[in-house]
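Chain letters run A, B, ... following the sequence lines, proteins first and then strands; every chain starts at 1.
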Amino acid sequence: MESAAIVTQDLSRIYRTYRKPEGLWNSVVGLFKRDHIEHMAVNNINLCIPKGQILGLVGANGAGKTTLLKLLSGLIFPSSGQARVLGFDPWQRSYAYLRKISILLGQKNQLWWDIPAMDSFSLLGKIYEIDDQTLRGRVSELAEVLDCANQLTIQLRRLSLGERMKMELIGALLHRPEIIFLDEPTIGLDILAQNAIRNFLKEYVSTYAPTIILTSHYMDDITHLAEHLLLISKGEIKYDGTLDNFMKSTEKKQKVSLLLEEPFLNEIELPNGLKIPPGVTVVAFEIFDKELAVILAFISSKNKIQKINIEETDFEDDIRRFLETQSRDR
Amino acid sequence: MTFVAFLKRSLATAKIAVQRELEYRSNFVIDTLLQPSIVMVVEVLVWASVLSYSPKNVLGGFSQAHYISYALWGAFFSRIAANWMYEIFMSRDIETGSVNSILLRPISFFEYYLFQFMGYKFLCMASSFVVPISLFFLYPGTTQFSRLPLAIALCILHLCFTYFLSFSIVSLGFFLHKNRSLTTLKNISLWIFTGELFPLDLLPQSIKAIFIGLPFASGVYIPVAYLTGRVDISTVYQGFFSVSMGILVFSFSGWWLWRKGREIYTGIAA
């Protein structure tokens with residue numbers, strides 16, 4: 001498919017590891033005999049991602065997000081299945097392919113720790129065969145937008161986490177990649193730095209239109225940047241569609257917080273099956289819109305409500321609920 | 001990729017290693033000057049003491065001046081010939097997953113570290129050799145200064161060999177996950193095999209022939225023995241040959257281990 005940036009067919013990866021029961025004796029036994037186990041990290045993934053799309057890859061820890069990124073970027077080999085990224089077999093690691101992609105790992109430094117970022121960029125310029133003038137132009141352009149021009153000549157290890165992340169971003173974008181894999185780009189950053197990175201990425205995307213696969217545990221990253229959503233759970237794709245459609249397809253819930261005048265003496269079961277434990281005056285639960293009136297009437301009939309707070313669940317809650325349901329259904 | 005682009009990239013990679021070393025001044029001075037100087041002093045004292053108990057100050061057919069000259073240069077050649085630091089860097093990259101950032105760039109891990117290693121060794125050589133060259137003018141001993149360029153050339157070829165050897169050991173990290181014990185084992189073996197601990201001509205004749213025939217001897221023993229008049233040019237030629245053979249063997253094993261290792265790599269810590 002000409003317009004597809006990424007196509008996968010039954011892509012799977014199994015990790016082999018071993019189990020070691022606790023204790024010194026089992027460590028000694030482990031010298032001679034190990035109980036090997038296999039873990040399916042991604043299972044028969046079929047994708048077709050068009051060029052220029054920003055895709056949010058969301059899932060719980062261990063769901064297979066990073067393994068999928070590692071497979072698509074060519075870092076690891078698949079156990080079975082195929083993938084074509086920009087027409088290349090990613091794990092062949094051809095230089096022509098590697099010049100077209102970039103990966104940013106929010107939890108890992110990719111620039112050189114002991115030298116100023118500008119020296120790292122000079123080396124990257126040689127690695128990606130960017131001439132000096134173009135390189136300097138791109139660095140100053142990116143540094144200006146990210147407001148970090150003053151930090152370019154300071155040793156990387158002496159920069160704050162947010163400043164380092166800005167440098168990592170410049171390093172990842174210097175060669176104008178066609179596909180960018182962003183793994184937790186805002187992890188550990190404060191709110192201001194998170195916003196700065198998000199705004200920068202948004203502006204960058206509108207100018208250069210790369211294909212981006214973004215994983216993040218911060219749903220704000222996904223809602224601000226992604227137009228397409230891929231939900232993954234236990235190595236399998238559970239939702240593949242637009243962000244809007246996902247929001248529309250999920251039934252809205254209300255987050256209700258109550259302050260009761262006095263606690264219940266016994267456990268109270270609500271009409272929808274939820275339970276309020278005895279001895280508490282602050283109660284919080286999530287219920288569907290249609291249940292709201294009935295539940296509140298039920299509680300009012302049994303206790304006096306001093307304060308009530310109701311708000312609609314947000315995207316993060318919807319995702320959590322969706323993944324919980326998928327997890328239970330397996 | 002053109003040759004010019006390759007050359008620019010290699011030089012830039014070597015330059016990064018030099019810049020990184022120069023960033024930490026005290027470490028640099030201790031590493032390149034103080035450490036080999038102390039080893040040299042200790043070895044000079046050891047040989048002076050040993051030979052003072054020997055009749056006519058001769059041991060294994062060589063005079064005290066031969067031994068002191070050997071100690072004077074040996075400590076610095078062994079500093080250049082050794083590769084434990086970059087081997088540890090490389091192994092750590094595989095152990096911790098830092099290798100990922102190199103695997104995802106259009107440069108090979110082998111090339112990336114080879115030129116850093118060479119850059120670092122060039123810096124070491126340029127700064128460390130100031131000491132034995134200065135001392136040569138105070139105490140020429142049996143040193144034949146005109147032999148220095150060929151001795152250095154052999155040491156540099158041996159350096160390439162140690163890098164290929166290190167690359168094979170490092171590639172085993174994909175299978176073993178932790179392979180520092182292998183690096184330690186290799187370092188201890190090289191301590192003897194290169195002739196760093198003592199001149200190899202002190203070994204019994206049959207063992208000596210084997211040791212000198214191995215590529216390791218070209219790191220310290222052959223170049224220093226040639227420089228200080230213990231062996232002639234034919235041993236140096238033999239050294240060039242055995243090191244070249246060693247490079248062939250370890251380039252194949254490194255290539256094979258890396259290829260197989262990459263297939264099972266799990267991209268740890270990414």
- Query: Where does B:L11 contact chain A at under 4.5 Å (heavy atoms): side chain, backbone, both or neither?
  - Reply: neither
- Note on the structure: Shortest non-hydrogen pair, B:P106 vs A:Y128, comes out as CD-CE2, 3.3 Å
- Short side-chain to backbone donor-acceptor contact, A:R93 and B:L103, under 3.5 Å: yes
- CZ (A:R176) with more than 12 external heavy atoms under 6.0 Å: yes
- Item | Student check: side-chain heavy atoms of B:I264 and A:R16 closer than 4.5 Å | no
- Using atom types as modelled and distance alone, determine if a side-chain donor or acceptor of B:Y265 lies under 3.5 Å from a backbone N or O of A:F77. no
- Message: Counting only heavy atoms from other residues, nucleotides and ligands, does the tally under 6.0 Å from CD of A:Q155 exceed 12?
- Response: yes
- Tell me, for B:E23 versus chain A, whether the close heavy atoms (under 4.5 Å) come from the side chain, the backbone, both or neither. side chain
- How many angstroms lie between atom CG of B:L22 and atom CD1 of A:I115, to the nearest 0.5 angstrom? 11.5 Å
- Message: Is there a side-chain contact between A:F181 and B:L104 in this structure, where contact means two heavy atoms from C-beta onward sitting under 4.5 Å apart?
- Response: no
- Message: Distance check, rounded to the nearest 0.5 Å: B:K8 atom NZ versus A:D131 atom CG?
- Response: 8.0 Å
- Message: Can a donor-acceptor pair be found, under 3.5 Å and without considering hydrogens, that links the side chain of B:R105 to the backbone of A:R99?
- Response: no
- Task: Find the distance between OG (B:S101) and CG (A:L104) and round it off to the nearest 0.5 Å.
- Result: 11.5 Å
- Return yes if some donor-acceptor pair links the side-chain N/O of A:K126 with the main-chain N/O of B:A12 below 3.5 Å, else return no. no
- At a heavy-atom separation under 4.5 Å, does A:I103 approach chain B through its side chain, its backbone, both, or neither? side chain
- Message: Just verifying a value: how many Å separate A:L105 CG and B:S98 OG, rounded to the nearest 0.5 Å?
- Response: 10.5 Å
- Spacing of CD belonging to B:Q19 relative to OG belonging to A:S120, to within rounding of 0.5 Å: 9.0 Å
- Might you confirm whether atom CH2 of A:W113 has over 12 heavy atoms from other residues, nucleotides or ligands at distances under 6.0 Å? yes
- Query: Got a second to check how far A:D183's CG is from B:N100's CG, nearest 0.5 Å?
  - Reply: 10.5 Å
- What part of B:S10 lies closer than 4.5 angstrom to a heavy atom of chain A: side chain, backbone, both or neither? neither
- Task: Would you indicate whether A:Y218, at its atom OH, is surrounded by more than 12 heavy atoms from other residues, nucleotides or ligands within a distance under 6.0 Å?
- Result: yes
- Query: Which heavy-atom pair separates B:G267 from A:K70 by the least distance, and what is that distance?
  - Reply: O-NZ, 3.0 Å
- Message: So which residue, A:Y97, A:W112, A:W91, ends up with the most heavy-atom pairs under 4.5 Å with chain B?
- Response: A:W112
- Task: Measure A:L69 against the heavy atoms of chain B and call it side chain, backbone, both or neither at under 4.5 Å.
- Result: neither
- Of all the heavy-atom pairs spanning B:T13 and A:L123, show the shortest one and how long it is. N-CD1, 3.6 Å
